[in-house]
2 protein chains.
Amino acid sequence: MTLPIYGLTDLRTVLKRNDMLRVVRDACIQHSQNNVISAKSGELLFQEPPGDCHVRLGYLRGGETFVVKLAMGFYENPSRGLETNNGLMLVFSSQTGKIVAIFNDEGWLTSWRTAAAGALAAKAGAPSQVTALGILGTGHQAEHQAHWAAHILGTHRVFIWGRDPAKATQLAEKLVHHGLTAHAVATVEDVFEHCNVVITCTPSTQAIVPVSVVKPGTHIVALGADSLGKQELDPQILALARVIMTDDHRQCAERGELVHALRAGLVANTADISLGQVLAGNIPGRISADDVTVADLTGLAAQDIAIATLAVGLVQAMASGDANNVHTPSSSPNQSLNKQ
Amino acid sequence: MTLPIYGLTDLRTVLKRNDMLRVVRDACIQHSQNNVISAKSGELLFQEPPGDCHVRLGYLRGGETFVVKLAMGFYENPSRGLETNNGLMLVFSSQTGKIVAIFNDEGWLTSWRTAAAGALAAKAGAPSQVTALGILGTGHQAEHQAHWAAHILGTHRVFIWGRDPAKATQLAEKLVHHGLTAHAVATVEDVFEHCNVVITCTPSTQAIVPVSVVKPGTHIVALGADSLGKQELDPQILALARVIMTDDHRQCAERGELVHALRAGLVANTADISLGQVLAGNIPGRISADDVTVADLTGLAAQDIAIATLAVGLVQAMASGDANNVHTPSSSPNQSLNKQ
């Protein structure tokens, strides 16, 4: 039996931004309706050199597949010329357990679904007039967010801040090269001065956004804090917010931004609403133009399942030459897949 | 990047019984010395049709690799002409997280390491004179046990009992065809009448071995009970036993045979000794010829790690044509690997 393996080239060929936005939106909604069954492994930690491996597995109730995601972080890899993060997604039949596909995605499926979730959350609470998009952070995810959120918000104006000004400048130049009007700025305050939608995607372990810089009518999407000990927002911002959206209440109350506001006694445990319910149109993400709103994202198994399931359908349709089943008319359906 | 995938044909080519016995013995010893780091996922359960997926991950302290094992059971597969159990083992570098090998082993690596553990446990408590080997069960694992344990015990006499007499006869005929002197018998009592080493490997959920059939000087290896609700031995047998060996105390006290004897108040929580310590020669597995002894096995991540690590070394050496590194001179080093 030959295993059906697809690499990054295949995934880049078939996966289009609008398809990913659509399925990640659906995933957030399904999650909020308790239609996702998932399990998380205890993490495996390594000491010399420091590293970790996480496994998540899950499926959508009634879905034809289940997904196992392996995510590795080895923190001395850059000194060896390797990426820190790596991973695989494996898709199996939920009818027979038979393997359907292995995606040797090097962690990119996770990056893309996170980009989609950030952009959807940016739109979900954005004011009707977006002045500009602010990005705190200069890594891969910051670059994704600039493109995806600018796209979904319908703006081309982006302001970048990073702890390393040189990296902020580099990212801004890259974004300009790709058609955005991007500027690197010196302080977090500068970002909030120019932008009424701000996405935070740093690995910070303490608040980098003071409450004093947040003006009325600002929407903040906090992406960086996804594990215990990480933090980007002054918890007072959550107390100030009229709307707090979480992708998952329990996760955010354990390891997002919400946990810090809860611990400080600044918000009630019932203060947040579900991003999925906002995306479904059941709850408004913003009530009035002057609201401060916050979306706290920690990542969902449902998003992994959604993007892997989308990819399976597309690579299979592409491999079988069935261009009609490929929902991406802008792609090149005749391009051969690098099936490894 | 091409993923290094190996199938069952590759594994059958390189893995030899004595090598597997050696590394599984070492694994049991390492486990008993707390040198194994492992994590177990919550299980993913499916309803329609019924199925499950388990993930285990672990590594040996100081080892160069870590292993992720996926094991699937889909219980209506036989009606579709498919095997019930399936699986994959994935091996990664514990230095960089980079993938080293994927074994599309269809669950066989687990079968082999279980066979090795059963045979080692059979030898660990066997009387000096083995009259014959008894096997309760007629499945794949029963067949493995007959071969592996007969080999390690130095006997060719095997008695088989199964709930379905036709299957017991079929298995006995198959074993005869492979050179053993095998008989199917009608009752469990018949097995214990002829054999002083008995291995139980059924999926039973209630005791099938009554204490009344167990004669002095008998060694029993209980393999079947590896999850809550399974049971093969009358708990009185454990009360009668002078030696109880467990592969892992905590696992056996949760879901082996030991749990039933503990619940019935028949043995103390400190009644068992470690199989690994017996295999290391630190504790005797049998004190006198008339002892009844029991080995309770639930399976160890250490065994998965050991067999996958062995396989990696062998397939890599074979693929590179380095026959000197292939510890199996009886194999055909020039046979090409079906690298998928």
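Quick note on labels: first sequence line is chain A, next is B, and so on, each numbered from 1.
- Looking at B:Arg80, the atoms closer than 4.5 Å to chain A (heavy atoms on both sides) all sit in the side chain, from C-beta outward.
- Other residues, nucleotides and ligands contribute at most 12 non-hydrogen atoms within 6.0 Å of the CD atom of B:Glu83.
- Atom NZ of A:Lys69 and atom OG of A:Ser38 lie 11.5 Å apart (nearest 0.5 Å).
- Residues satisfying the side chain to side chain donor-acceptor pair (under 3.5 Å) criterion with B:Ser32, sequence neighbours excluded, are B:Gln277.
- Of all residues spanning residues 298-307 of chain A, none has a heavy atom less than 4.5 Å away from chain B's heavy atoms.
- Of the atoms belonging to B:Ile37, heavy atoms from both backbone and side chain fall under 4.5 Å from chain A.
- Proximity of a side-chain donor or acceptor of A:Ser94 to a complementary backbone N or O of A:Glu64 within less than 3.5 Å is detected.
- Comparing B:Pro49, B:Gly73, B:Gly87 by heavy-atom pairs within less than 4.5 Å of chain A, the highest count is held by B:Pro49.
- For a residue to count as touching a neighbouring chain, one of its non-hydrogen atoms must lie under 4.5 Å from one of that chain's; by this rule A:Tyr75 does not touch chain B.
- Looking at A:Leu45, the atoms closer than 4.5 Å to chain B (heavy atoms on both sides) all sit in the backbone: N, CA, C or O.
- A donor-acceptor pair is defined here as one N or O able to donate and one able to accept, closer than 3.5 Å; no such pair exists between the side chain of A:Asn86 and the backbone of B:Gly97.
- B:Glu76 places no side-chain N or O within donor-acceptor distance of the main-chain N or O of B:Pro50, the cut-off being under 3.5 Å.
- Distance alone, capped at 3.5 Å, is enough to place a donor-acceptor pair between the A:Arg61 side chain and the A:Asn34 backbone.
- Residues passing the side chain to side chain donor-acceptor pair (under 3.5 Å) test with A:Thr96 are A:Ser93, sequence neighbours excluded.
- Evaluation of the side chain to side chain donor-acceptor pair (under 3.5 Å) rule for A:His147 yields no partner, not counting sequence neighbours.
- Heavy atoms of A:Glu48 lying under 4.5 Å from chain B belong exclusively to its backbone.
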